[in-house]
Amino acid sequence: MKEYGSFLELDLKKGPEFYDGPGVKRLNTARCGIGYVLRLLGLKKLRLPTYLCPKVRDYLLSQSIELSHYSLDDDLLPILPEKISSDTAVLIVNYFGLLPHDKIETLARRYQNVIIDNAQAFYKKPAENAYSVYSPRKFFGVPDGCYVVGEKAGQEDFSIPCDFSADTSLFLLKRIERGCQGSYPDRMMNETRLDGSGLSLMSRLTRALLQNVDYTAVKDRRVQNFRYAQSLFSQMNLFDLSRFPLEEDTVPMVYPLVLADDEILSHFLENSVYLGRWWSALTSLVPQNSLEMTLSRYLLPLPIDQRMTPEDLDYIYRLIVSGR
């Protein structure tokens with residue numbers, strides 16, 4: 001029942017979302033989005049990369065999905081056999097948002113049941129003949145959220161409860177007034193809630209916030225920051241990014257800087273630069289000379305988001321130079 005009067009809530013506009021329409025499903029997290037696609041396809045087997053967030057793997061195992069792993073080549077593409085059984089899906093991760101569209105489309109045509117993990121590539125257009133999964137909370141200030149885009153994404157015949165995120169969303173307001181350190185415990189409460197959540201619909205709060213994003217401005221700033229970061233760091237970066245073309249819809253999540261430096265993170269922390277290695281626990285599971293080992297041990301996911309300016313990136317550059 002509609003309510004009238006009393007106190008006012010946040011004044012939020014009802015603008016367009018970036019993804020909408022009958023081929024879009026709004027869910028709570030990308031890991032649940034991957035599980036949702038497997039449920040749509042009626043499959044219980046998945047090929048996925050070793051270099052992947054453990055939370056994704058843990059969630060899929062909790063859903064009784066049979067997992068098998070593959071390695072990456074130097075272009076961040078999967079090393080897979082030419083044919084994969086029709087009872088098995090393939091997860092392709094668009095690392096850092098850098099994979100070219102033609103490479104993604106080639107993989108989507110080669111295999112029968114392809115899921116594109118675009119969690120790090122919010123703006124990358126969906127691939128044909130595949131399901132694409134997006135994570136808006138990696139690009140915008142929202143407490144949860146996932147878009148699944150594909151031909152039958154919105155045609156499920158099973159009931160899904162709606163997520164409720166307001167109780168653990170205080171970190172978004174606290175960050176404005178108290179900064180990262182002052183709001184981080186609240187942010188982790190929200191992460192704990194999501195870790196314990198099953199498949200749910202996107203919360204109404206997240207959808208309302210996403211209807212207020214200036215998607216063009218965010219895209220432009222991220223691309224500008226990435227280009228500037230490349231001009232600063234390319235000479236020291238052990239990972240050659242020149243092989244990845246910056247297409248119209250290439251909007252990276254971070255700048256992937258690879259430095260053979262085990263001490264730089266503590267130097268960053270001392271100077272209010274908050275980032276960490278991605279999935280460093282994998283160093284005990286992958287070959288010493290593999291790309292996965294290099295990324296797990298040495299990757300620095302430098303922020304290039306819409307809050308960053310060239311001066312901010314200059315500051316990070318000076319920290320790296322002074323700390324080496």
Side-chain angles (χ1 to χ4, degrees), residues 9-10 12 18 26-34 52-59 62 96-97 117-122 133-147 162-215 218 221-222 225 251-256 265-281 299-309 312 315-316:
E9 66 269 31
L10 292 173
L12 300 174
F18 196 79
R26 299 172 184 84
L27 300 172
N28 55 335
T29 63
R31 72 198 82 144
C32 288
I34 295 168
L52 187 67
C53 177
K55 290 184 179 181
V56 175
R57 190 175 293 104
D58 292 345
Y59 172 76
S62 75
F96 319 119
D117 182 348
N118 275 329
Q120 302 173 42
F122 182 82
V133 178
Y134 300 87
S135 180
R137 69 193 187 98
K138 290 181 171 58
F139 282 74
F140 316 106
V142 294
D144 63 86
C146 161
Y147 291 103
C162 188
D163 198 7
F164 292 91
S165 60
D167 289 345
T168 57
S169 296
L170 183 59
F171 71 99
L172 295 170
L173 301 178
K174 276 191 174 182
R175 174 89 198 228
I176 296 172
E177 295 188 334
R178 301 188 185 180
C180 181
Q181 288 196 35
S183 58
Y184 195 76
D186 297 272
R187 187 255 184 181
M188 293 311 297
M189 288 177 59
N190 188 64
E191 291 296 305
T192 299
R193 178 185 67 81
L194 291 175
D195 289 346
S197 298
L199 174 64
S200 304
L201 300 178
M202 180 186 294
S203 71
R204 292 175 61 188
L205 173 58
T206 287
R207 189 172 182 189
L209 293 172
L210 289 171
Q211 289 171 335
N212 285 263
V213 173
D214 186 336
Y215 291 101
V218 171
R221 176 61 66 85
R222 282 180 171 269
N225 285 339
V251 185
M253 176 184 166
V254 297
Y255 180 84
L265 284 182
S266 59
H267 187 51
F268 277 167
L269 185 60
E270 292 166 0
N271 291 276
S272 300
V273 177
Y274 305 113
L275 53 87
R277 309 288 187 191
W278 281 0
W279 320 321
S280 56
L299 173 70
L300 297 169
L302 299 185
I304 55 165
D305 59 68
Q306 52 270 31
R307 301 165 298 178
M308 300 291 289
T309 66
D312 296 326
Y315 174 71
I316 293 176

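Just so you know, these numbers come straight off a predicted model, no measurement behind them.
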Requested in this report: Might you confirm whether atom CZ of Phe18 has over 12 heavy atoms from other residues, nucleotides or ligands at distances under 6.0 Å?
Outcome: yes
Report task. State yes or no: are the ring centers of Tyr134 and Phe139 separated by less than 6.0 Å? Result -> no
Query raised in the report: Do the side-chain N and O atoms of Asp163 and Ser203 include a donor-acceptor pair separated by under 3.5 angstrom?
Result: no
Requested in this report: Could you tell me whether a side-chain N or O of Arg222 sits under 3.5 Å from a main-chain N or O of Gln306, the two making a donor and an acceptor?
Outcome: no
Query - Separation of Asn271 CG from Tyr315 OH (nearest 0.5 Å) - result: 4.0 Å
Requested in this report: Answer yes if the ring centres of Phe140 and Tyr215 are under 6.0 angstrom apart, and no otherwise.
Outcome: yes
**Report entry** Tyr274 side, atom OH; Gln181 side, atom CD - distance, nearest 0.5 Å
**Finding:** 3.5 Å
Report task. Determine the sole option in Asp117, Asp58, Asp195 for which the salt bridge (Lys or Arg N to Asp or Glu O under 4.0 Å) test with Arg31 is passed. Result -> Asp195
Query raised in the report: Are Asp144 and Arg137 close enough for a salt bridge, meaning some N to O gap below 4.0 Å?
Result: no
Query raised in the report: Side chains of Ser200 and Ser197: is there a donor and an acceptor less than 3.5 Å apart?
Result: no
**Report entry** N/O donor-acceptor pair under 3.5 Å between Asn190 side chain and Pro143 backbone
**Finding:** yes
Report summary line: By salt bridge (Lys or Arg N to Asp or Glu O under 4.0 Å), Arg221 pairs with (sequence neighbours left out) none
**Report entry** Test item: side-chain donor near acceptor, Asp186 and Ser183, under 3.5 Å
**Finding:** no
Requested in this report: State, to 0.1 Å, how close Gly198 and Asn28 come at their nearest heavy-atom pair, and which atoms those are.
Outcome: O-ND2, 2.9 Å
